[in-house]
Asks: 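There's a structure below that I have some questions on.
Bear in mind that the values here come from a model prediction, so they are computed numbers and not experimental data. Note on naming: letters A, B, ... go to the chains in the order of the sequence lines (proteins, then strands), and numbering restarts at 1 for each one.
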Amino acid sequence: MNAFRLAGDMTHLLSVVVLLLKIHTIKSCAGISLKTQELYALVFAARYLDLFIHFISLYNTVMKLVFLASSFSIVWYMRRHKIVRRTYDKDHDTFRHHFLVLPCLALALLINERFTFREVMWAFSIYLEAVAILPQLVLLQRTRNIDNLTGQYVFFLGAYRVLYILNWIYRYFTEPHFVHWISWVAGIVQTLLYADFFYYYIMSWKNNVKLELPA
Amino acid sequence: SSGTNFKDEL
């Protein structure tokens with residue numbers, strides 16, 4: 001495992017920790033999109049189907065379990081926890097996320113590495129992950145006061161994607177036959193979705209002003 | 001398969 005991959009996984013983990021900190025400690029999910037969180041739970045469920053069938057490493061298994069457990073518990077907190085769910089900004093989280101699922105599934109049936117259940121589910125999870133941030137970005141645009149933890153959460157998620165691209169470039173030059181169009185194209189699309197957010201996040205940090213996205 | 005080693009990513 002190269003340094004970019006490890007750093008990518010760690011920023012991904014950090015984003016989850018930041019979000020859990022906000023939800024668990026501050027008991028608030030203000031500014032967090034439940035739609036995006038539901039999509040992530042679906043992404044991990046579809047991608048880690050082989051969790052108990054194909055053992056890769058202890059690191060791999062533990063990380064997968066962490067992402068599965070954290071994504072489902074975040075959804076549970078936002079829907080069921082009696083204090084947290086009251087802080088959910090339902091009126092502004094209106095992205096029709098169900099309409100992302102079917103096209104991703106159709107695309108996975110058409111474009112996959114192999115036409116098997118596991119491979120189609122894997123491709124589906126890659127496509128869905130690429131667009132899962134959209135409801136969150138829309139909600140951020142509609143949020144007047146984006147708190148620091150929410151901004152950091154999205155920043156770490158975006159950083160994870162950038163680091164994964166660097167990891168692929170590294171692996172492409174160091175590992176033979178390392179060509180994976182599906183994840184590369186989807187991963188680049190996913191990263192580009194953050195470009196706008198990154199710009200405003202870095203500007204707010206540089207100018208030391210509160211983060212706000214133009215509508 | 002070409003994808004096997006790739007699926008060690010999360």
Asks: Count the heavy atoms of every other residue, nucleotide or ligand shown that sit under 6.0 Å from CZ of A:Phe99, and state whether that count exceeds 12.
Replies: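 No - once you tally the heavy atoms of other residues, nucleotides and ligands closer than 6.0 Å, there are 12 at most.
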Asks: If every non-hydrogen atom of A:Phe67 is compared with every non-hydrogen atom of B:Leu10, which pair is closest and at what distance?
Replies: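 Smallest heavy-atom distance, with atoms named: CE1-CD1, 4.0 Å.
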Asks: May I ask you to check whether over 12 heavy atoms, not counting those of A:Trp205, lie within 6.0 Å of atom CH2?
Replies: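 Open.
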Asks: Counting only heavy atoms not in A:Tyr170 (residues, nucleotides, ligands), do more than 12 fall under 6.0 Å from its OH?
Replies: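 At most 12 heavy atoms, drawn from other residues, nucleotides or ligands, come within 6.0 Å of this atom.
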Asks: Is the side chain of A:Asn60 donor-acceptor paired with the backbone N or O of B:Asp8 at a distance under 3.5 Å, no angle test?
Replies: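 Flag set: sc A:Asn60 to bb B:Asp8 pair under 3.5 Å.
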Asks: In terms of heavy-atom pairs under 4.5 Å with chain B, which of A:Phe44, A:Tyr164, A:Tyr48 leads?
Replies: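 Among the listed options, the one with the most contacts to chain B is A:Tyr164.
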Asks: Where is the tightest heavy-atom contact between B:Lys7 and A:Lys64, given as atom of each residue plus distance?
Replies: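 Between these two residues, the closest heavy atoms are O-NZ, 4.4 Å.
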Asks: Just checking A:His24: does its NE2 atom have more than 12 heavy atoms from other residues, nucleotides or ligands closer to it than 6.0 angstrom?
Replies: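 Atom NE2 in A:His24 is not crowded, with 12 or fewer foreign heavy atoms closer than 6.0 Å.
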Asks: Would you indicate whether A:Tyr59, at its atom OH, is surrounded by more than 12 heavy atoms from other residues, nucleotides or ligands within a distance under 6.0 Å?
Replies: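 Atom OH in A:Tyr59 is crowded, with more than 12 foreign heavy atoms closer than 6.0 Å.
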Asks: What part of A:Tyr160 is in contact with chain B, defined as an atom under 4.5 angstrom from a non-hydrogen atom: side chain, backbone, both or neither?
Replies: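 The side chain, not the backbone.
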Asks: Heavy-atom distances under 4.5 Å only: say whether A:Asn167 touches chain B with side chain, backbone, both or neither.
Replies: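 Side chain only.
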Asks: In terms of heavy-atom proximity below 4.5 Å to chain B, should A:Asp9 be classed as side chain, backbone, both, or neither?
Replies: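 For A:Asp9, the contact with chain B is made by the side chain alone.
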Asks: Would you mind checking if B:Glu9 and A:Arg47 are paired as a salt bridge, meaning a charged N to carboxylate O distance below 4.0 Å?
Replies: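 No salt bridge links A:Arg47 with B:Glu9.
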